[in-house]
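Everything on this sheet refers to the single structure shown next.
In this chain, numbering begins with 1 at the start of the sequence shown. The structure displayed is predicted, hence computed values, not measured ones.
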Amino acid sequence: MCRDFCTSLARHGFRRIYLVPSHGGDFGPLAGMLERLGEAVGPAVQVNAFTDMAAVVELWTRVVEEESGLGGHVGGHADIAESSIMLALHPELVRREEAGAGYVGRLTPDAVERMGRDGIGSIAPNGVLGDPRGMSKAIGRRCIEELVEMLAAHAWERAPV
């Protein structure tokens with residue numbers, strides 16, 4: 001799908017393509033396909049991507065800690081940061097009364113491998129990595145604003161001179 005999007009954009013005259021995954025499981029595969037995407041579009045088109053999921057989790061942890069002191073609730077999936085982002089964007093989709101902690105341990109390589117093999121439910125039956133409790137629109141807005149700044153800085157660093 002990424003190859004199809006990139007080749008279509010290249011055929012329509014785009015010379016710079018910047019991909020941003022929106023799901024944790026897509027960061028690694030996207031990083032692994034960048035070279036092939038570049039080959040598919042040819043040398044006149046530059047394809048880059050943001051593939052540092054750890055940087056996103058670090059940013060969210062810092063923001064949540066500064067806003068609420070609950071940085072430990074960040075885990076990376078349906079946690080306080082993601083739930084706050086949804087609360088800021090689409091509050092009608094958030095069911096606060098159902099918010100509950102999920103897997104709050106350290107995401108070890110074994111846990112990540114287990115999730116990849118057996119699904120997120122193998123370590124977090126409710127699908128939550130972290131804890132959404134304490135979510136707020138203020139946290140969500142700040143997570144969005146700072147993520148946009150980080151992505152823009154990353155894209156700018158990779159822009160041709």
Side-chain angles (χ1 to χ4, degrees), residues 1-2 5-6 16-37 46-159:
M1 184 182 293
C2 289
F5 281 130
C6 289
R16 291 183 58 215
I17 300 169
Y18 188 70
L19 303 169
V20 179
S22 61
H23 185 273
D26 295 338
F27 283 74
L30 182 56
M33 73 175 70
L34 277 175
E35 185 176 331
R36 290 190 318 266
L37 292 174
Q46 180 186 20
V47 179
N48 282 308
F50 184 83
T51 59
D52 190 351
M53 184 176 147
V56 174
V57 173
E58 287 172 21
L59 179 138
W60 285 351
T61 301
R62 178 181 53 76
V63 167
V64 170
E65 185 61 33
E66 290 172 1
E67 287 288 322
S68 67
L70 297 172
H73 284 208
V74 175
H77 190 265
D79 60 10
I80 189 170
E82 283 193 337
S83 297
S84 292
I85 289 169
M86 285 305 296
L87 194 59
L89 295 175
H90 298 287
E92 73 280 4
L93 298 178
V94 179
R95 295 186 301 253
R96 288 180 189 241
E97 68 281 359
E98 294 184 30
Y103 180 82
V104 292
R106 188 170 160 269
L107 277 177
T108 63
D110 177 58
V112 172
E113 179 185 334
R114 197 165 6 135
M115 276 193 304
R117 183 185 64 240
D118 302 327
I120 196 169
S122 66
I123 67 165
N126 67 352
V128 176
L129 300 179
D131 188 343
R133 294 175 297 181
M135 70 181 95
S136 73
K137 287 183 180 182
I139 291 171
R141 282 190 293 270
R142 240 188 99 198
C143 284
I144 293 166
E145 290 167 1
E146 295 204 22
L147 182 59
V148 167
E149 287 178 20
M150 183 171 66
L151 293 172
H154 183 267
W156 185 256
E157 289 171 4
R158 280 146 181 79

Just how far is it from atom CH2 of Trp60 to atom CG of Leu147, taken to the nearest 0.5 Å? 6.5 Å
Kindly give the heavy-atom pair with the smallest separation between Glu67 and Ala138, and that separation in Å. OE1-CB, 4.0 Å
Just so I know, are the side chains of Ile85 and Ile144 near enough to count as touching, which here means a heavy-atom distance under 4.5 Å? yes
Closest non-hydrogen atom pair between Met86 and Leu93, with its separation: CE-CD1, 3.9 Å
About how many Å separate SG of Cys2 and CE of Met33, when rounded to the nearest 0.5 Å? 4.5 Å
Does a sphere of radius 6.0 Å around CD in Glu35 hold more than 12 heavy atoms from other residues, nucleotides or ligands, not counting ones at 6.0 Å or beyond? no
Worked verdict on Val64 versus Arg142 for side chain to side chain contact (heavy atoms under 4.5 Å, CB included): CA-CA 9 Å; Val64 170; Arg142 240 188 99 198; over 6 Å; no
Test side chain to side chain contact (heavy atoms under 4.5 Å, CB included) on Val47 and Leu34; report intermediate values, then the result. CA-CA 7 Å; Val47 179; Leu34 277 175; 4.0 Å; yes
Got a sec: does the CZ of Arg36 have more than 12 other heavy atoms crowding it under 6.0 Å? no
Please report the interatomic distance CE(Met135) to OG(Ser84), rounded to the nearest 0.5 Å. 6.5 Å
Side chain to side chain contact (heavy atoms under 4.5 Å, CB included) for Leu87 and Arg96? Distances and angles first, verdict last. CA-CA 9 Å; Leu87 194 59; Arg96 288 180 189 241; 2.8 Å; yes
Here the ring-ring contact (aromatic ring centres under 6.0 Å, His included) pairs for residues 68-104, sequence neighbours left out, are none
Look up atom SG in Cys6 and atom CG in Leu19, then write down how far apart they are to the nearest 0.5 Å. 4.5 Å
So, for Ser68 and Ile80, which heavy atoms are closest and what is the spacing to 0.1 Å? OG-CD1, 4.3 Å
Output yes when Glu58 and Arg62 qualify as a salt bridge under the 4.0 Å nitrogen-oxygen rule, no when they do not. no
All heavy atoms of Leu30 vs all of Pro21, minimum pair found to be CD2-CD, 3.7 Å
Any Leu129 side-chain heavy atom under 4.5 Å of Ile120 side chain: yes
Is it the case that over 12 heavy atoms from other parts of the model lie below 6.0 angstrom from the CZ atom of Arg117? yes
Going from CG on Leu37 to CD on Gln46, what distance comes out if it is rounded to the nearest 0.5 angstrom? 13.0 Å
Closest heavy-atom contact between Ala81 and Cys143? CB-SG, 4.1 Å
Output yes when a side-chain donor or acceptor of Asp79 lies under 3.5 Å from a complementary backbone atom of Gly76, and no otherwise. yes
Side-chain touch Ile123/Leu107, heavy atoms, less than 4.5 angstrom: yes
Arg141/Glu145 salt bridge by N-O under 4.0 Å criterion: no
So OG1 of Thr61 and CD of Glu66: to nearest 0.5 Å the spacing works out to 11.0 Å
What are the two closest heavy atoms between Ala101 and Asn126, and how far apart are they? O-ND2, 3.0 Å
Check whether any side-chain heavy atom of Asp26 lies under 4.5 Å from a side-chain heavy atom of Thr51, and answer yes or no. no
Considering residues at least two apart in sequence or located in another chain, which fulfil the ring pair (Phe, Tyr, Trp, His ring centres under 6.0 Å) criterion with Phe50? His154
